[in-house]
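Okay, structure first, notes after.
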There are 2 protein chains.
Amino acid sequence: MSEFDFNEHSHRRYNPLTNSWVLCSPHRTKRPWQGQQETADNESLPSYDPSCYLCPGNRRAQGDTNPEYQNTFIFTNDFAAVKSDQPQFLHKSDDKFSSLLLAEGVRGECKVMCFSPKHNITVAEMSKDAIIPVIKAWIEVYRNSFSIPYINHVQIFENKGAIMGCSNPHPHCQIWCTESIPEEPTKELISMTKYYEKNKSCLLCDYVLLETLKLQDKPRIVCENDSFVCVTPFWAIWPYETMIIAKSHVKSLIELDGVKQLNDLADIIRRITCRYDNVFKCSFPYSMGIHQAPVDENDHSNDSHLHLHFYPALLRSPTVKKFLVGYEMLAEPQRDLTPEQAAETLRKCSEIHYKQE
Amino acid sequence: MSEFDFNEHSHRRYNPLTNSWVLCSPHRTKRPWQGQQETADNESLPSYDPSCYLCPGNRRAQGDTNPEYQNTFIFTNDFAAVKSDQPQFLHKSDDKFSSLLLAEGVRGECKVMCFSPKHNITVAEMSKDAIIPVIKAWIEVYRNSFSIPYINHVQIFENKGAIMGCSNPHPHCQIWCTESIPEEPTKELISMTKYYEKNKSCLLCDYVLLETLKLQDKPRIVCENDSFVCVTPFWAIWPYETMIIAKSHVKSLIELDGVKQLNDLADIIRRITCRYDNVFKCSFPYSMGIHQAPVDENDHSNDSHLHLHFYPALLRSPTVKKFLVGYEMLAEPQRDLTPEQAAETLRKCSEIHYKQE
Ligand SMILES: [Zn+2]
Ligand SMILES: [Zn+2]
C-alpha cells in the first residue's frame, strides 16, 4: 500500500491547548457539492422523489442503484469521511516540538441507513412498530463491527432538518465506524471509569436512580417506560436537549434483552421525537446520537451504559435557533432556559403528532 | 441579600459525563426578543441608523442614551448573562448523588463595546490607526477587572455576521467578566501548566518557534510582523480557523510593551480580518476571542500566553457555512479542508479590502 499522505488520508490531529482531537478527511474536499436546499415542510413533499439518492430504485452519485427496500436500507457512503483502504499511521512524539504536531491515521467505514422507503416521513411520525426494524438494523451494524479488526468504535447519529446541515429530508441516519474512539465517547468513558472506581457503581445507573426515584418532584423527566427514561439532563447545553437512558445497566444495543426492551426503546424514541415536533408545531431539527460500549477488545462492563443524546437546534420558534457561538466557542456553553423549564414544556406536549390530530 | 434561586440567578452546572461546565442564565428568559434580521451587505447600510441601539446619541432598551462617542464606547449589557447583584452560591457534594447535580453561582458583568461610531463598518475595513483605540479600551477593561474582587476572568469576544447569531451589524464586541474561569480557558491553563512542568518552557512560545523558525516551508503561517504571527493551527476545527499569537511571552494585553506591540497587534488584526473578507469577497462571519491570563490572584507566569482565536463560519462561499452537527456533536469535530490548504488560500488573499480596491 502507498505511503501515508496527509492530503489524501483520513487522520486525527491532537490539540495540545485543549487536550482534544479533531478528525481530518482531506480527500473529501474533492467531493461534488450537492448544494443546500431550502427548508421545506414535509407536508409539501412527495412520498417518492425521483431525484432523491435515498429513495428506493433511484441511482446514487457513483452509479449504484438503490433496491426496492421495504423498511430500512444500508449502504456505504459514496463520499465517506473515513475509508478502510489507507495505510496505517501513528505519529510518535520524540521531542517537545513533535508533541505539538501530533496526528494519527483513522481508517474506517461510513454508512448511510434509510429509516423508511417513504421520502416524506420522519421518526416523529413513524409508528413504534415502524421504528423497531430501524433499531434491529442498528444492532446488526454494531454487532458486525466486532468482526472488523481495525474498527474500534461505532457512532450512529441522525441529523434532522436543513438547519442541522442535512440537505436531504428522506429519513436516514449515518453510521461512522472508526479505528479511533472519538473525543466525546472517550470523555464519557474516562468519567464513567473514574466514577466507578470511586463509587463502585455506574454513573448513569445512579443518575437514572436519582432522577426516577430519589427526587420527589421529578423535575427533569419528560417521559418513561419500563426500560427507558427520557430526561433533560441537569447539565444540558441545548435549550431542549434530552437523553434517553436505559434503566438497567445495558452496555450496548446488543444487550437489549429481546422483544420487551426493543419495544420500549422504539416506544420512547417515538414519544420524544413526537413531543419535539409538537413544541413549535413544526418538524423539530436535531442531531441525535447513540453512545454505547466501543467495539474494541476491552471490557466495558463498568464504563459504558446505553444512552441516546438529542441535541435539538431550536430556541423559541420554528425559525429562531440557538447559536453556539462567541462566548460558547471561546469560553463556555451558555443557556437561558433551564433544563427544568424545558422538561416542563416537553411534558406538556402531546404524544400524538400535531399533523395526526 | 435574597436566597440563591436557580430560576433567577446565574450559575454553572457540572456535566459529570464529559467533565465540563455549562453556564445557565435563567433570568434572561425574560428579556424581550429583538428578532433576527436578515443578512444585509454593509454596503447598503447607512453610516448612522436611528433604530440601532449602538449608534451614537440613540436611546437603548432600558432608557439610557448613548453619548456622541468618537472612537469606542462601553456600557453594561442591558440583558446580561451574568450580574453582580446576586448571592454567592457553592454547591457541595457530600455523597455520590449530589456529585451528579453539582452547580455553582456565577456573579459577573457583561459589557458591550462599540468599535466605532460608524454603523456600516467592520474591523476588516478599519485602518490600523482606528483599531488602536479598540485595543486600548480592551486593556482598560482588563486592567480594571483586577480591582473587582469577585471577578476572576475576562472574556473579550466578537460575533460578526448574522449567521453567527449577531443581529446588529454595528461593529462591536462583548466582554463578559465572571467569578468562574470558564471551560475553554481552564482547559488551556491546565494544558499549558502540564506542558510547562514537563518541558520547562511555554507551550505557545514553543509553538510559535516551531511554526516561524523550525519548519522550512512554514505551511501554516498566514501573515506576521515583529510581535505577532497569524497561523492556521495544526489542530484547527473550522475550515479557515486562525490564531494570532504573541511572539514573545506576553501573558496578557497589559504586558504589551507600549507603542510598538500595540501597533503590531492592530496591524495583524487588520490584516487577517481583511484577508477573511477577501476569501469569498464578502463580509466573512466569525467569532473572535482573546485568551490571556485570568484576573484572579494566582501567578500566571507559566500558564498564560496572549493569543486570539478566530472561528470563521464559512466553508466554500458567502452562503455555504460549515455545520458543527451530528458527528461533531456526538463524537468528534471533523473537517475536510486541511489547515495547510486553508493557510495557502488565506496567504493568497490581498491585504487590501476588496471594496477598497
Ligand atoms: Zn449503568
Ligand atoms: Zn509563551
Side-chain angles (χ1 to χ4, degrees), chain A residues 6-7 12-19 21-26 28-29 33 36 81 96-97 100-101 155 157 159 164-165 174 176 182-185 187-188 191 195 199 201 203 206-207 210 214 234-235 237 287 289 309 311 316 320 323 325-327 329-338, chain B residues 6-7 12-19 21-26 28-29 33 36 81 96-97 100-101 155 157 159 164-165 174 176 182-185 187-188 191 195 199 201 203 206-207 210 214 234-235 237 287 289 309 311 316 320 323 325-327 329-338:
Chain A
F6 274 81
N7 287 314
R12 65 206 294 247
R13 297 173 179 216
Y14 178 67
N15 182 337
L17 260 188
T18 56
N19 184 29
W21 293 84
V22 52
L23 180 62
C24 195
S25 315
R28 285 230 293 190
T29 53
W33 180 247
Q36 282 176 308
K96 67 176 183 177
F97 291 108
L100 297 174
L101 301 177
Q155 184 58 58
F157 66 98
N159 284 334
M164 294 314 267
Q174 298 187 58
W176 292 17
E183 194 55 29
E184 287 301 309
K187 282 193 235 164
E188 294 192 355
S191 297
Y195 188 93
N199 301 300
S201 57
L203 193 161
D206 282 354
Y207 187 60
L210 183 62
K214 293 234 161 209
F234 180 75
W235 51 80
I237 289 175
S287 283
H309 295 279
Y311 300 133
R316 54 169 87 209
V320 178
F323 290 91
V325 297
Y327 195 77
M329 287 171 150
L330 275 313
E332 189 162 287
Q334 188 272 340
R335 61 180 296 145
D336 293 345
L337 189 78
T338 66
Chain B
F6 275 80
N7 287 315
R12 63 207 297 248
R13 299 175 178 214
Y14 178 67
N15 181 338
L17 259 189
T18 56
N19 183 29
W21 293 84
V22 54
L23 179 63
C24 194
S25 315
R28 286 231 291 191
T29 54
W33 180 244
Q36 282 176 308
K96 67 177 185 177
F97 291 107
L100 298 174
L101 300 178
Q155 184 59 58
F157 66 97
N159 284 334
M164 294 314 267
Q174 298 187 60
W176 291 17
E183 194 55 31
E184 287 300 310
K187 282 193 235 165
E188 293 192 355
S191 298
Y195 188 92
N199 303 298
S201 57
L203 192 160
D206 283 353
Y207 187 59
L210 183 62
K214 293 234 161 208
F234 180 75
W235 50 81
I237 289 174
S287 284
H309 294 278
Y311 299 134
R316 55 168 86 209
V320 178
F323 290 91
V325 297
Y327 194 77
M329 288 172 150
L330 274 314
E332 189 163 285
Q334 188 272 339
R335 60 180 295 145
D336 293 346
L337 190 79
T338 65

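Proteins get letters first, then strands, A, B, ... in listed order; numbering begins at 1 in each.
With respect to chain B, the highest number of heavy-atom pairs below 4.5 Å among A/Arg335, A/His309, A/Lys214 belongs to A/Arg335. Comparing B/Ala331, B/Gly326, B/Pro16, B/Pro333 by how many heavy-atom pairs each has under 4.5 Å with chain A, the most go to B/Ala331. Heavy-atom pairs under 4.5 Å with chain B peak, among A/Asn159, A/Ile237, A/Leu100, at A/Leu100. Between chain B and the residues A/Tyr195, A/Tyr311, A/Phe97, the largest count of heavy-atom pairs under 4.5 Å involves A/Phe97.
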* Between A/Tyr327 and B/Gln155, does a side-chain contact (heavy atoms from CB on, under 4.5 Å) hold up when you go through it step by step? -> CA-CA 8 Å; A/Tyr327 195 77; B/Gln155 184 59 58; 3.8 Å; yes
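Annotation: the span from A/Asp206 atom CG to A/Asn199 atom CG amounts to 6.5 Å, rounded to 0.5 Å.
For A/Glu188, the parts lying near chain B are the backbone and the side chain together; criterion is any non-hydrogen pair under 4.5 Å.
With a 4.5 Å cut-off on side-chain heavy atoms, B/Asp336 and B/Gln334 count as touching. Under the 4.5 Å side-chain criterion, counting only non-hydrogen atoms from C-beta, B/Leu330 is in contact with A/Ser287.
By the 30° and 60° cut-offs, the orientation of the rings of A/Trp235 relative to A/Tyr207 is tilted.
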